Peer 1: 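Have a look at this one.
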Protein chains: 2
Amino acid sequence: MKGITKKEKFLATTLQLIHEKGFKATTLRDIAQKLNFEVANVYNYIDSKQALLEAYLFDISDEFHRAQDRIISSTYSPREKLRRMIASYIQITAKRPYEQALLVNDWRNLKEPRRQEFVKRRKDYEDKLMAVLQEGVDQGQFRALDVELTTHTLLASLRWLYKKHIEEAKAINPVEIEKQLTDFIFSGILKN
Amino acid sequence: MKGITKKEKFLATTLQLIHEKGFKATTLRDIAQKLNFEVANVYNYIDSKQALLEAYLFDISDEFHRAQDRIISSTYSPREKLRRMIASYIQITAKRPYEQALLVNDWRNLKEPRRQEFVKRRKDYEDKLMAVLQEGVDQGQFRALDVELTTHTLLASLRWLYKKHIEEAKAINPVEIEKQLTDFIFSGILKN
DNA sequence: GTCTATAATTCGATAGAC
DNA sequence: GTCTATCGAATTATAGAC
């Protein structure tokens, strides 16, 4: 924990508290108390509570989108595209678990018109993933599954992973996580 | 919408609002406004906002536990136990999607000691599911997977389903949902 | 069951001195 | 950057009349 700026410490503390209690339930006084200073000092680091939420939410969201776009614009097969999308999803989650938690749990607290913007962007992400699945089904790489249902199920099976990174005491092996989740999504749990 | 009592209408409206905005962000004034009466009237139906949360959360939670316990105490194989646990999970979700949403999204708002109690009960549920998976691996029905990771992934792949029931305009086919999700979990998405 | 009125508290945010 | 002081608004909850 050396060489971290006060602002970084502020943000790390804030994200941790929000993860535990939720954005709305985490007061600026909670944050100040944990950092051993008074409430007014919070405004040395942020413009407003809402601005903090928006900045982090759209920043991590953008990272997911950029990774997805890079893969989609490649010439890989649907199966390989999906494999890489899963891998990059896991990688971003491992790097920024608390921001992923914010993304999953607290987007409802966005105010209009930002909330609507967020929902639209999320649907874009889902639609792009769905297109890859549909392509894979059409090409016979994937089973004749319900593409819309499977898209949401697949994303849900990845979306919980930030908890493991936050809660796990011992360091986790990212390569093994990726193998396990990819195997689960590609092959399920039954033994052949 | 015939023959529904005022209390039922109150509760349905409340759960819908909480689903949209979250428990903490949904004020008693929001609820009163949607029902076209004043705030004080809310207390004709509940003792407190916290009591409402606790009652619904533990009630739906109990239903999940009871269904799980019935299946676990049977003599079915691990594979068949899991199949039935998935089916009952989907059935409860279909029957009570808004309460499931509360369970998934708003348990953080419980206050101690109820919050700790909830977390403990949820871990019990996960552990029982994990035991079935472990048994299935030991008996060679399931692959040699990471049982702990897979337990959480499997649950996550079911936990989003309430959204479909809430948002879907047209009626959905529960039999088909069950088939799709069971196939996903058992066999993944790859074509053999 | 419905209302008005209000208590008691909490919260986000600002002003201004050091 | 840190503090004290405070404002204005919002929220849960209660009292009591109709």
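In what follows, chains are A, B, ... by sequence order, proteins preceding strands, each numbered from 1. None of these values were measured; they are calculated from a predicted model.
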Peer 1: List in numerical order all residues of residues 39-55 of chain B for which some heavy atom is under 4.0 Å away from an atom belonging to DNA chain C.
Peer 2: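 Going residue by residue through residues 39-55 of chain B, the ones with a heavy atom under 4.0 Å of DNA chain C turn out to be B:A40, B:N41, B:N44, B:Y45.
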Peer 1: Would you kindly give the CD1-to-P distance between A:I31 and C:dT10, to the nearest whole Å?
Peer 2: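 In whole Å, C:dT10 P and A:I31 CD1 are 17 Å from each other.
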Peer 1: Once you round it to whole Å, what is the distance between P of D:dT6 and CG of A:L28?
Peer 2: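 A:L28 atom CG is separated from D:dT6 atom P by 20 Å.
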Peer 1: Between atom NZ in B:K24 and atom P in C:dT10, what is the gap in whole Å?
Peer 2: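 Rounding to the nearest Å, NZ of B:K24 and P of C:dT10 are 11 Å apart.
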Peer 1: B:F23 has an atom CZ; how far is it from atom P of D:dT11, in whole Å?
Peer 2: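 Nearest whole value for this atom pair: 13 Å.
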Peer 1: In whole angstrom, what separates B:K7's NZ from C:dT2's C1'?
Peer 2: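 The distance from NZ of B:K7 to C1' of C:dT2 comes to 17 Å, rounded to the nearest Å.
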Peer 1: For the pair made of CD in A:E38 and C1' in D:dT4, what is the distance, rounded to whole Å?
Peer 2: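 A:E38 atom CD is separated from D:dT4 atom C1' by 8 Å.
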Peer 1: Can you check the A:R29 CZ to D:dT6 C1' distance for me, whole Å?
Peer 2: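 So the CZ-C1' distance, A:R29 to D:dT6, works out to 11 Å.
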Peer 1: Can A:E8 and A:Y45 be counted as having a side-chain donor-acceptor contact under 3.5 angstrom?
Peer 2: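 Checked: A:E8/A:Y45 side chains show no N/O donor-acceptor pair below 3.5 Å.
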Peer 1: Is the phosphate of D:dT2 approached by A:K6 (side-chain N or O, under 4.0 Å from OP1 or OP2)?
Peer 2: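 Yes.
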Peer 1: Have A:N105 and A:Y162 got a donor and an acceptor in their side chains that come within less than 3.5 Å?
Peer 2: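 Yes, a side-chain donor-acceptor pair sits under 3.5 Å.
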Peer 1: Check the surroundings of atom CD in A:Q50: do more than 12 heavy atoms from other residues, nucleotides or ligands lie under 6.0 Å from it?
Peer 2: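 Result for CD/A:Q50: enclosed.
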Peer 1: Is A:Q141 atom CD crowded by more than 12 heavy atoms from other residues, nucleotides or ligands, each under 6.0 Å away?
Peer 2: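 More than 12 within 6.0 Å, yes.
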Peer 1: Evaluate the ring planes of A:Y125 and A:F64, with Trp represented by its six-membered ring, and classify them as parallel (under 30°), tilted (30 to 60°) or perpendicular (over 60°).
Peer 2: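 Aromatic pair A:Y125/A:F64 classed perpendicular.
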Peer 1: Look at the aromatic rings of B:F184 and A:F184 and report parallel, tilted or perpendicular, splitting at 30° and 60°.
Peer 2: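 Judged by the thresholds at 30° and 60°, the geometry between B:F184 and A:F184 is perpendicular.
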Peer 1: Between C:dT2 atom P and B:N36 atom CG, what is the distance in whole Å?
Peer 2: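 Spelled out: CG on B:N36 to P on C:dT2 is 11 Å.
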